2 protein chains.
Amino acid sequence: MSDLKRAHNFNPGPGVLPLEVLQEAQSELLNFKGTGMSVMEISHRSKEFEGVIQTAEADLRELLGIPANYKVMFLQGGATLQFAMLPMNLRPAGASADYIVTGSWSKTAVKEAKKLGAVHIAANTEADGFNCIPANLDLDPKAAYLHFTSNETIHGVEYFTEPTPPAGVPLVCDTSSDFISRPIDVSKYALLYAGAQKNAGPSGVTIVIIRDDMLARVPENLPVMLDYKTLAESGSLHNTPPSFAIYMVGLVFKWAKKQGGLAAVEKNNRVKADLVYKAIDESGGFYRGHAKPEARSLMNIPFRLPSEELEDTFAKEAKKENLIGLKGHRSVGGMRASVYNAMDLAGTQELVRFMRDFQKKNG
Amino acid sequence: MSDLKRAHNFNPGPGVLPLEVLQEAQSELLNFKGTGMSVMEISHRSKEFEGVIQTAEADLRELLGIPANYKVMFLQGGATLQFAMLPMNLRPAGASADYIVTGSWSKTAVKEAKKLGAVHIAANTEADGFNCIPANLDLDPKAAYLHFTSNETIHGVEYFTEPTPPAGVPLVCDTSSDFISRPIDVSKYALLYAGAQKNAGPSGVTIVIIRDDMLARVPENLPVMLDYKTLAESGSLHNTPPSFAIYMVGLVFKWAKKQGGLAAVEKNNRVKADLVYKAIDESGGFYRGHAKPEARSLMNIPFRLPSEELEDTFAKEAKKENLIGLKGHRSVGGMRASVYNAMDLAGTQELVRFMRDFQKKNG
């Protein structure tokens, strides 16, 4: 392994994982805790796997300060399946749910929710090119819930203060791309969900945190794999869970604790994001950030160059210098630097150095 | 790694994986194909991951002889989610589907299908304790499809010749626990599905093979993650797939090809299963197999001992001798030896040696 040259990995997800997490997984891949089996080969009903999933949950509870009246689930299907499960479970027949649309992902959440019932749009920033957090909300006081996307991975806009729903309306959040990137007050939420493959681990597992009172809303007779009540009450073990992905998120939670918890993680994330935004702001317009300054994501930093040709050259030359995954989403073009928890300061500094050099040569 | 003592792993799933597959995954876990990234860290839209998923599909097509007019999907949620997706997609509103019930898993499939519409039971062997394949079927010539479970993991009964539906009725099979354990004629099926965590890889990925004409049945406006049409047409890449699990099944498919393909795999499986059944049959009633001889599974071999006390002792002493995972399912008790593709002859011989020794001491 001495010849390992790690890429500086700015992929939007699946993305960079902590090197020491990968090393630990590698070292015990053939023999998990002396069992003579890989963690992939042990029964999900064994005491060894119970240790894996219970420790992962306990560490996540500690990291996020999850109150005791919340359940934690490790599910499958990504945030995209949650877009459907959420209204199936928490929007009673005939009721409407409020959605705030701030980018591609919240727009897709609305599309899925509309297939199954009524949606009311509390705000939509599409006319502004999804570059901001809406100042005003048109809220339905009888909404089944208020849904928002705390960080839009494609447009790079992030909520730093959660919206306030009317009294009695549960707050629901897709936190896929800023999950465990900074402390939040879980008690303000009725439900949080996140695909793991940004900050928390590999793809293939989705974390759902649900307040107990929401489970009373789950209708009878849902397919069991779409039923929050069954899934929560079985401790994510109704059927065979995605064991290896759960094992990996457990290692990542432990790593985040070792960094000093989410306050320390946020501090690092702010230093990294500030470096990149500073390089954009000091470029005299050569680099143009997408999001308005007050809505700038700490996780995903989309930016444009003066021409598409220069953007292509930027991506190619960056790759030659081991800076990977910088092309923007195919739906919007341009560049995007994703600086998740596991992106280190050195990688970020290397990106900023490259941005300045590239501008000197091409500006 | 020189001190690695591999367990003889008879777990019913997640279960034993080929050692060389685990070793390959381990060796490149930090650096996939020279990318400087783990396969868990690369984008699912990258050419490297395209290589992973396309090679996995091509190898599976070769192994099973999948005709060109079938799509292969790598999904999430296990067979249990397929229990619901299948009727959602392929049973038109108002129509009924035929189900053959030969054990716990087909019984659960019925339960889920009934939540969403009409089911007709073509046969049910529960009165026989789920120890056989039904001789006669009561088939509905207008059924939306005929569903059967080719191998019942808990009861250890296996279909070696698929049932014949009435003309025009599509045949659908849950093949989770005998998937790629022997050749089958895919052209007889409209749809096959299998959770990977028996013969094909780790948990967290479900393989669905669907004949193209079935996609015309998929109703409009299904949630996108439950919609076979969208999932098939996107090449399993509508959203982020379970990348690492797909990578692992790809390695297992390659390994199965190296064994000589499924004819050779079946030959090994028959040798192993015969050894265990012989030990049961020659025990003079000390060991009692569950399934009738003609329905005996090559994959899962449930058996009883003269008392529950002896069964407990058997499991404990087996474990001391590094024979793992031999307790029967909690719903039926007794013992169960799962001898999947990756269980080697040496492990099986060791089990048989232990069974004979145990009987000598306790018989």
Side-chain angles (χ1 to χ4, degrees), chain A residues 1 4-7 9 11-17 19 22-23 25-26 29-31 35-38 40-46 76-81 83-84 88 112 115-116 195 197 201-205 221-226 238-245 248 322 324-325 330, chain B residues 1 4-7 9 11-17 19 22-23 25-26 29-31 35-38 40-46 76-81 83-84 88 112 115-116 195 197 201-205 221-226 238-245 248 322 324-325 330:
Chain A
M1 291 303 138
L4 174 66
K5 193 187 178 197
R6 283 279 281 173
N9 182 351
N11 274 321
V16 59
L17 292 168
L19 179 59
L22 291 169
Q23 285 168 331
Q26 183 181 46
L29 199 77
L30 294 191
N31 189 0
T35 56
M37 298 177 275
S38 173
M40 288 180 261
E41 298 176 288
I42 64 176
S43 169
H44 57 296
R45 310 273 175 211
S46 64
Q76 298 184 61
T80 308
L81 185 56
F83 294 165
M88 274 183 201
E112 289 292 291
K115 289 178 179 172
L116 302 157
Q197 68 273 10
S203 60
V205 61
N221 246 9
L222 278 182
V224 72
M225 293 306 292
L226 305 175
H238 176 77
N239 76 337
T240 314
S243 321
F244 185 75
M248 287 297 298
N322 206 26
I324 304 297
R330 62 205 191 295
Chain B
M1 291 304 138
L4 175 65
K5 192 185 179 198
R6 284 276 282 172
N9 181 351
N11 275 321
V16 58
L17 291 169
L19 180 59
L22 291 170
Q23 285 169 330
Q26 183 181 46
L29 200 77
L30 294 191
N31 189 2
T35 56
M37 297 177 276
S38 174
M40 288 180 258
E41 298 176 288
I42 65 176
S43 170
H44 57 295
R45 310 274 174 210
S46 64
Q76 299 183 61
T80 308
L81 185 57
F83 294 165
M88 273 184 202
E112 290 291 294
K115 288 179 179 172
L116 302 157
Q197 68 273 12
S203 61
V205 61
N221 245 9
L222 279 182
V224 73
M225 293 307 292
L226 306 175
H238 176 78
N239 75 337
T240 313
S243 320
F244 185 75
M248 288 298 298
N322 205 27
I324 304 297
R330 61 204 191 293

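Keep in mind it's a predicted model, so treat the numbers as computed, not measured. Just the heavy atoms: all of them, side chains too, but no hydrogens, waters or symmetry mates, feed the values below. So that the names make sense, note that chain A is the first sequence line, chain B the second, and so on, each numbered from 1.
- In terms of heavy-atom pairs under 4.5 Å with chain A, the best-connected choice from Gly78(B), Gly77(B), Ala25(B) is Gly77(B).
- The side-chain contact (heavy atoms from CB on, under 4.5 Å) test with Pro14(B) singles out one residue from His44(A), Met37(A), Glu41(A), and that residue is His44(A).
- With values rounded to the nearest 0.5 angstrom, Leu30(A) atom CG is found 6.0 Å from Leu19(B) atom CG.
- For the options Val205(A), Val16(A), Asn322(A), heavy-atom pairs under 4.5 Å to chain B are most numerous at Val16(A).
- Comparing Met225(A), Arg45(A), Gln76(A) by how many heavy-atom pairs each has under 4.5 Å with chain B, the most go to Gln76(A).
- Contacts of Asn221(A) with chain B are made by both backbone and side-chain atoms, with heavy-atom separations under 4.5 Å.
- With respect to chain A, the highest number of heavy-atom pairs below 4.5 Å among Gly13(B), Gly15(B), Ser243(B) belongs to Gly15(B).
- Options Gly204(B), Pro242(B), Pro241(B), Ser203(B) differ in how many heavy-atom pairs under 4.5 Å they form with chain A, and the most are formed by Ser203(B).
- Residue contact with chain B, scored on non-hydrogen atoms closer than 4.5 Å, involves the side chain of Ile324(A) exclusively.
- Arg6(A) places none of its side-chain heavy atoms less than 4.5 Å from the side chain of Asn31(B).
- Only the backbone of Thr35(A) comes within less than 4.5 Å of a heavy atom in chain B; its side chain stays farther off.
- In this structure, Phe244(A) CZ and Gln197(B) CD are separated by 15.5 Å, a value rounded to the nearest 0.5 Å.
- Closest approach of Lys115(B) and Leu222(A) over heavy atoms only: NZ-O, 2.9 Å.
- Distance CG/Leu22(B) to CG/Leu29(A): 6.0 Å, rounded to 0.5 Å.
- Not counting sequence neighbours, Phe83(A) has no partner by the ring pair (Phe, Tyr, Trp, His ring centres under 6.0 Å) test.
- Heavy atoms only, all atoms of each residue included: Ile42(B) and Asn11(A) are closest at CA-ND2, 4.0 Å.
- In this structure, Leu116(B) and Pro223(A) have side chains that are in contact, with non-hydrogen atoms separated by less than 4.5 Å.
- Within the 4.5 Å cutoff, side-chain heavy atoms of Leu226(A) are placed close to those of Leu226(B).
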